[in-house]
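In what follows, chains are A, B, ... by sequence order, proteins preceding strands, each numbered from 1.
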Amino acid sequence: MNLIEELRWRGMIQDIMPGTEEQLLKEQTSAYIGFDPTAESLHIGSLVPILLLVHLQKAGHKPYALVGGATGMIGDPTGKSEERNLLSEDVLQRNQDGIQKQLAKFLQFDESKPNAAVMVNNYDWFKGMSFLDFIRDTGKHITVNYMMAKDSVKKRIESENGISFTEFTYQLIQGYDFYWLYKNHNCKLQMGGSDQWGNITTGAELIRRKAGGEAFAFTCPLLKKADGGKFGKSEKGNVWLDAEKTSPYHFYQFWLNAADDDAKKWIKIFTFLPKEAIETLIQQHDENAAQRLLQKTLAKEVTLFVHGEEGLKQAIETTEKLFANQSAPAESLSEDDLEGMEGVVKIDYDGDKVKSGIDVISFLTETNIFPSRGEAKKMIQNGGISINRKKVEDASLVIASDKLLHSKYLLVQKGKKNYYLVKVG
RNA sequence: GGGCAGAUGGCCGAGCGGUUAAAGGCGACAGACUGUAAAUCUGUUCUCUCACGAGUACGCAGGUUCGAACCCUGCUCUGCCCA
């Protein structure tokens, strides 16, 4: 299978410009994807573009990861119903640094290889450019009519909030990136999420008109969950690639909780398992879905890719302790089991209060598991709180020393999946 | 500069003098069911409170009224149209 065939089979191609496949077969091709520095860390939504670059590099082509230091200052109107707030420059700087660090982990930057990955930042070529230069040299090549026809712009023009000139120019700025990379790095291909199609074609158009060159592109579908929800959000919010922001355990849990239909799609996209292996897995899963073989494999592979062996090991260990034997009493967990649970929120609590006995509600608020007594009470009434795996039925329950595991721990559950280990000292 | 329309809880969106902490939907959280799924059903969803209750809230500032998200005045912002 060639690269495009492979990606097509994996469901990673949405739109593709004619000639792209031929170009990739013809020669080693340089290709780029841009990443917006909207946050300090990338999240799993950005994993798809990263994987595109990885596949590309594996196929012998040369990947360029572009960090949008300049475009991030403008704000992409794509998919946004209203004007965004601009990020301040120091926030941008911090975000760029964080993202660069992460990208470096996934691609091969070894310069002795001809297809070593390259990191670029579009701020480098925009910072010295004057407005007049830009509108004379670049703006002149693209008509406003062309720009307005783009979906992202059209929607905003029709909406009641309108679109600022700043965001309107976004596609030109991004288009210029493609042109610049074409000119300076012979980069002929741009990839991205399908929402980027409009911006990408502007760049290709610019290369055609301004340089008389030929450019190619393809996009991958934007992921949604089977229930229509946004991909990449868990109960905890965004799922980040940074272990500090989303622990390997929570990361692993995200994939483990994928719906069946999603798991079937995602395993193709997010793992490098070969076609036959995946087909076998899907078949096995259909025979016995309750085993969740697909989810387990998916979670394992992706966690390994992002967090490495050690992160995966910890994630699985914690998962097994917390979920494998749910009917087992909490007392069966050893001290090491409790201490070793990575990703579980650990809280220290005043031992004297437990010795003299404390009501659950005060306990839950003083440990900051709940911000207010009212909320804690409501959750107990809803049956959403367990302590040491026993559901708290009565809001007036008193916690005393006899509840402690190994005389110093309390395992608190908020809902089914949120665990807190309270260490009493 | 002129005219018109609009600004309601995380979002959408009703309300148009008292019964409105504000219908309905979405989202979110929890429970039951299950496979730590999906679908479904149930509960919760301004803040504080065990509770009774209290405090804030319908763009901002004033005013009319026993009483205003709803009426009046001024201001701010947004969209549309005209110059």
* Asked: Taking for each residue the nucleotide of RNA chain B with the nearest heavy atom, is it A:Lys391 or A:Glu320 whose nucleotide lies nearer the 5' end?
  -> A:Lys391

Between [N] atom [atom2] and [X] atom [atom1], what is the distance in whole Å?
{"X": "A:Leu294", "N": "B:rA38", "atom1": "CG", "atom2": "C1'", "result": "14 Å"}
{"X": "A:Lys296", "N": "B:rA37", "atom1": "NZ", "atom2": "P", "result": "13 Å"}
{"X": "A:Phe370", "N": "B:rC29", "atom1": "CZ", "atom2": "C1'", "result": "10 Å"}
{"X": "A:Asn257", "N": "B:rA39", "atom1": "CG", "atom2": "C1'", "result": "16 Å"}
{"X": "A:Gln295", "N": "B:rU34", "atom1": "CD", "atom2": "C1'", "result": "13 Å"}
{"X": "A:Asp261", "N": "B:rA39", "atom1": "CG", "atom2": "P", "result": "10 Å"}
{"X": "A:Asn288", "N": "B:rA37", "atom1": "CG", "atom2": "C1'", "result": "13 Å"}
{"X": "A:His285", "N": "B:rG35", "atom1": "NE2", "atom2": "C1'", "result": "9 Å"}

Between [M] and [N] - [atom1] atom distance, rounded Å:
{"N": "B:rA21", "M": "B:rU47", "atom1": "C1'", "answer": "11 Å"}
{"N": "B:rA5", "M": "B:rG59", "atom1": "C1'", "answer": "16 Å"}
{"N": "B:rG43", "M": "B:rG53", "atom1": "C1'", "answer": "23 Å"}
{"N": "B:rG13", "M": "B:rU20", "atom1": "C1'", "answer": "16 Å"}
{"N": "B:rU64", "M": "B:rC81", "atom1": "P", "answer": "40 Å"}
{"N": "B:rG9", "M": "B:rC58", "atom1": "P", "answer": "9 Å"}
{"N": "B:rG67", "M": "B:rG15", "atom1": "P", "answer": "26 Å"}
{"N": "B:rU42", "M": "B:rC77", "atom1": "P", "answer": "47 Å"}

Just to be sure I understand the rule, does [X] reach a base, reach only the sugar-phosphate, or reach nothing, if contact means heavy atoms closer than 4.0 Å?
{"X": "A:Ala259", "answer": "sugar-phosphate"}
{"X": "A:Ser396", "answer": "nothing"}
{"X": "A:Ala258", "answer": "sugar-phosphate"}
{"X": "A:Gln291", "answer": "nothing"}
{"X": "A:Leu256", "answer": "base"}

* Asked: Is A:Lys414 salt-bridged to A:Glu375, cutoff N-O under 4.0 Å?
  -> no

* Asked: Is it the case that A:Gln284 and A:Asn288 place a side-chain donor and acceptor less than 3.5 Å from each other?
  -> no

* Do you see a donor-acceptor pair shorter than 3.5 Å between the side chains of A:Ser396 and A:Asp359? -> no

* B:rA30 phosphate, OP1 or OP2: any side-chain N/O from A:Asn418 under 4.0 angstrom? -> yes

Watson-Crick or G-U counterpart of [N], or none if no pair lies under 3.5 Å:
{"N": "B:rU64", "answer": "none"}
{"N": "B:rA51", "answer": "none"}
{"N": "B:rC77", "answer": "B:rG6"}
{"N": "B:rA30", "answer": "B:rU42"}
{"N": "B:rG1", "answer": "B:rC82"}
{"N": "B:rA21", "answer": "none"}

* Aromatic centroids of A:Phe178 and A:Tyr64 separated by under 6.0 Å -> no

* Asked: Counting only non-hydrogen atoms, which of residues 301-313 of chain A are less than 4.0 Å from RNA chain B?
  -> none

* Structure fact -> With sugar-phosphate taken as primed atoms, P, OP1 and OP2 and all else as base, the protein-contact string of nucleotides 44-57 of chain B at under 4.0 Å (heavy atoms; B, S, -) is S---SSS-------

* **Sequence neighbours excluded, every pair satisfying ring-ring contact (aromatic ring centres under 6.0 Å, His included) that has a member inside residues 355-395 of chain A** => A:Tyr349-A:Phe363

* Tell me, which pairs form a salt bridge (charged side-chain N to carboxylate O under 4.0 Å, His left out) where one or both residues lie in residues 339-355 of chain A, sequence neighbours left out? -> A:Glu339-A:Lys423, A:Asp352-A:Lys355, A:Lys353-A:Glu366

* **Minimum heavy-atom distance A:Pro63-A:Leu107, with the two atoms named** => CG-CD2, 4.3 Å

* ring pair (Phe, Tyr, Trp, His ring centres under 6.0 Å) partners for A:Phe305, two or more places apart -> A:Phe106, A:Phe272

Find the distance between [atom1] ([X]) and [atom2] ([Y]) and round it off to the nearest 0.5 Å.
{"X": "A:Lys210", "Y": "A:Asp137", "atom1": "NZ", "atom2": "CG", "value": "5.0 Å"}
{"X": "A:Leu333", "Y": "A:Lys321", "atom1": "CG", "atom2": "NZ", "value": "8.0 Å"}
{"X": "A:His43", "Y": "A:Leu241", "atom1": "NE2", "atom2": "CG", "value": "8.5 Å"}

* Asked: For A:Lys245, what residues pass the side-chain contact (heavy atoms from CB on, under 4.5 Å) criterion, not counting sequence neighbours?
  -> A:Glu40, A:Ser41, A:Trp240, A:Asp242

